[in-house]
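Worksheet: the structure to be examined is printed underneath.
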Amino acid sequence: MSVKCQVIMDAMDTLAPRYLAESWDNVGLLVGSPAQTVAKIMICLDVSEEIVQRAIAQHVDMIISHHPLIFKPFKNLRTDLAQGRLLAELLKANIAVYAAHTNLDTATGGVNDVLAQKLNLHKIEPLTISYQEELIKLVVFVPIEYASLVQEAIGKAGAGHIGNYSHCSFQVAGKGSFLPLQGTKPFIGKQGELESVGEVRIETIMPQKIINKVVKAMLKVHPYEEVAYDLYPLKNTGEKNGLGRIGQLEEPMQAEEFANKAKLALDIANVRLVGEKHKMIKKVALCSGSGAEFIGKAAYAGADILVTGDVKYHEAQKALECGIDLLDAGHFGTEMPIVKTVAEYLEQCNAKGKWNVDISYDTLSKDLFTTI
Ligand SMILES: [Zn+2]
């Protein structure tokens with residue numbers, strides 16, 4: 001069996017919403033069409049020549065990668081150059097390519113959270129804040145006998161979530177009045193007669209992203225032909241998220257021991273430690289891929305060590321100046337674990353949506369660096 005590519009795109013957007021991506025990034029469907037059918041998916045870190053050849057040989061219909069295959073705008077599509085050749089092969093084989101990059105880094109349960117779990121961190125929080133959910137207040141006027149029905153419908157659609165409480169709302173009774181004009185079919189009252197009805201004002205709060213769902217659910221059960229409701233933008237914000245994480249180890253340990261544990265957990269051949277080997281580590285900051293730019297932030301947040309990849313000499317120097325250790329576990333090493341997580345997530349969607357799609361993930365690609 002198969003599903004439309006759009007179905008997979010929607011599922012990926014639920015895991016890693018595209019609005020979480022950094023402004024410089026290029027995520028989403030990069031090759032192919034949302035309308036094409038997908039029966040086989042392969043998940044990987046990079047759309048390399050090797051991955052494309054494997055995808056073609058295994059009749060894969062869609063590749064989902066962490067790093068975007070198309071990043072900078074290109075001025076030609078030459079098949080004698082690597083990128084043009086890959087794109088030509090993908091198009092010829094009708095393989096769609098989707099990228100979830102910084103949106104997957106930032107997303108709850110994404111690359112950074114997976115890395116934090118691998119490192120056995122607790123009390124995990126974002127290291128940086130690049131996204132704050134906008135909140136909206138919904139106010140709707142309902143005839144008294146329909147109040148509980150409307151209240152239930154908007155709660156079920158997700159409105160009224162405050163902390164660990166759902167269906168939060170406030171009601172106050174009052175009097176609504178209206179004059180049905182020509183052409184109306186009023187639920188209460190008659191055309192041309194000023195009507196006065198006992199109504200309830202229901203107010204609740206919701207994230208911007210579910211407005212359409214909540215309003216649709218509210219209109220479905222509201223008895224009036226023309227529903228009076230207001231949507232207010234609020235200054236309070238909801239969920240906050242960003243790149244990197246900071247958390248704590250259950251038990252403090254020496255930097256060297258922590259480095260060895262990280263090596264094992266991430267299944268990598270070697271790591272590079274900057275700083276004192278015997279320093280006690282309790283608070284750990286991390287940023288998957290290339291996160292040395294957050295050395296200052298991690299030190300300011302009180303972290304004893306920052307785990308990341310792609311660390312340069314002068315960045316190591318800066319870490320020492322800031323009094324924080326650095327663990328370079330490699331770009332590949334800190335990001336590769338997400339490939340399996342995305343596959344497991346899509347397998348759950350597969351079972352739930354009865355897609356019957358074949359899902360595999362890359363286990364063969366190796367780090368580009370070999371230590372001799
Ligand atoms: Zn990366």
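Donor-acceptor pairing under 3.5 Å is recorded for the side chains of Glu335 and His67.
Checked against side chain to side chain contact (heavy atoms under 4.5 Å, CB included), Asn120 has the following partners two or more places apart in sequence or in another chain: His122. Listed by chain and residue number, nothing satisfies the salt bridge (charged side-chain N to carboxylate O under 4.0 Å, His left out) test with Lys240 (two or more places apart in sequence, or in another chain). The side chain to side chain contact (heavy atoms under 4.5 Å, CB included) check on Lys156 picks up nothing, with sequence neighbours excluded. For Asp25, the side chain to side chain donor-acceptor pair (under 3.5 Å) test picks out His101, Thr102, with sequence neighbours left out. Among residues two or more places apart in sequence or in another chain, the side chain to side chain contact (heavy atoms under 4.5 Å, CB included) test is passed with Glu293 by none. Applying the side chain to side chain contact (heavy atoms under 4.5 Å, CB included) test to Lys277 and every residue at least two apart in sequence or in another chain returns Glu256, Leu273.
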Which is it for Asn270 and Thr371 under the side chain to side chain donor-acceptor pair (under 3.5 Å) test, yes or no, and what are the steps along the way? CA-CA 8 Å; Asn270 57 73; Thr371 306; 2.7 Å; yes
Apply side-chain contact (heavy atoms from CB on, under 4.5 Å) to residues Thr184 and Glu225 and explain how you reach the verdict. CA-CA 8 Å; Thr184 54; Glu225 191 179 20; 3.8 Å; yes
Assess whether side-chain contact (heavy atoms from CB on, under 4.5 Å) is satisfied between His161 and Tyr165, documenting all intermediate values. CA-CA 6 Å; His161 250 286; Tyr165 294 83; over 6 Å; no
Show, in sequence, the C-alpha distance, side-chain angles and deciding distance for Lys209 and Tyr19, and conclude whether the side-chain contact (heavy atoms from CB on, under 4.5 Å) test is met. CA-CA 10 Å; Lys209 65 182 177 205; Tyr19 56 75; 3.3 Å; yes
Thr308 vs Leu286, test: side-chain contact (heavy atoms from CB on, under 4.5 Å). Steps then yes/no. CA-CA 6 Å; Thr308 188; Leu286 61 89; over 6 Å; no
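No more than 12 heavy atoms of other residues, nucleotides or ligands sit less than 6.0 Å from atom CG of Asp267. No more than 12 heavy atoms of other residues, nucleotides or ligands lie within 6.0 Å of CD in Glu226, so this atom counts as exposed by the packing criterion. Atom CZ of Phe74 has more than 12 neighbouring heavy atoms from other residues, nucleotides or ligands inside a 6.0 Å radius. The local environment of OH in Tyr300 is sparse, with at most 12 non-hydrogen atoms from other residues, nucleotides or ligands closer than 6.0 Å. Within 6.0 Å of CG on Asp80 lie more than 12 heavy atoms contributed by other residues, nucleotides or ligands.
Side-chain atoms of Gln58 and Lys40, non-hydrogen and from C-beta on, do get closer than 4.5 Å to each other. At a threshold of 4.5 Å between non-hydrogen side-chain atoms, the residues Thr128 and Lys297 count as touching. The shortest side-chain heavy-atom distance between Met336 and Ile268 does not fall under the 4.5 Å cut-off. Contact check for Leu104 versus Val342: side-chain heavy atoms found under the 4.5 Å cut-off. Looking at heavy atoms from C-beta onward, Leu115 lies in side-chain contact with Ser288 at the 4.5 angstrom threshold. Val3 is listed as a side-chain neighbour of Ile8, based on a closest heavy-atom distance under 4.5 Å. In this structure the side chain of Ile63 reaches within 4.5 angstrom of the side chain of Ile51, judged on heavy atoms. In this structure, Leu81 and Arg78 have side chains that are in contact, with non-hydrogen atoms separated by less than 4.5 Å.
Residues in residues 81-110 take part in these salt bridge (charged side-chain N to carboxylate O under 4.0 Å, His left out) pairs, two or more places apart or across chains: Glu49-Arg85. Sorted by first and then second residue, the salt bridge (charged side-chain N to carboxylate O under 4.0 Å, His left out) pairs involving residues 305-319 (not counting sequence neighbours) form an empty list. Sorted by first and then second residue, the salt bridge (charged side-chain N to carboxylate O under 4.0 Å, His left out) pairs with a member in residues 337-362 read Arg54-Asp362, Lys340-Glu344; sequence neighbours excluded. Applying the side chain to side chain donor-acceptor pair (under 3.5 Å) definition to pairs two or more places apart or across chains, those involving residues 185-199 are Glu199-Tyr224.
Between Tyr345 and Ala11, the shortest heavy-atom contact is OH-O, 2.6 Å. When every heavy atom of Leu30 is checked against every heavy atom of Leu69, the shortest pair comes out as CD1-N, 3.6 Å. Considering every non-hydrogen atom in both Val307 and Ala329, the closest pair reads CG1-CB, 4.4 Å. For the residue pair Asn241 and Pro126, the shortest heavy atom distance occurs at OD1-CG, 3.8 Å. Pairing each heavy atom of Ala107 with each of Ala16, the nearest pair is CB-CA, 4.0 Å. Contact between Leu29 and Cys5 at its shortest, heavy atoms only, is CD1-SG, 3.9 Å.
A ring-centre distance under 6.0 Å is not found for Tyr229 and Phe141.
Atom-to-atom distance recorded for Gln151:CD and Cys168:SG is 10.0 Å, nearest 0.5 angstrom. Leu326 contributes atom CG, which lies 7.5 Å from atom CG of Leu320 (distance to the nearest 0.5 angstrom).
No single ILVMFWY cluster, assembled from side-chain heavy atoms under 4.5 Å apart, contains both Ile205 and Val140. When hydrophobic clusters are built by joining Ile, Leu, Val, Met, Phe, Trp and Tyr residues whose side-chain heavy atoms come closer than 4.5 Å, directly or via intermediates, Val114 is grouped together with Ile359. Under a hydrophobic clustering in which Ile, Leu, Val, Met, Phe, Trp and Tyr are joined whenever their side-chain heavy atoms come within less than 4.5 Å, directly or via other members, Val27 and Val31 fall into different clusters. Under a hydrophobic-cluster definition in which Ile, Leu, Val, Met, Phe, Trp and Tyr are linked whenever side-chain heavy atoms come within less than 4.5 Å, directly or via other members, Val142 and Ile144 are assigned to the same cluster.
Listed by chain and number, the hydrophobic cluster partners of Ile372 come to none, as no ILVMFWY side chain reaches under 4.5 Å of it.
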I'd like a table of donor-acceptor pairs (distance under 3.5 Å, sequence neighbours excluded) in which one partner is a side-chain atom from residues 211-219, with atom names and distances.
none

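For the pair Asp325 and Lys279, the salt-bridge criterion is met [side-chain N within less than 4.0 Å of a carboxylate O].
Using modelled atom types, one side-chain atom of Thr334 and one backbone atom of Gly289 make a donor-acceptor pair closer than 3.5 Å.
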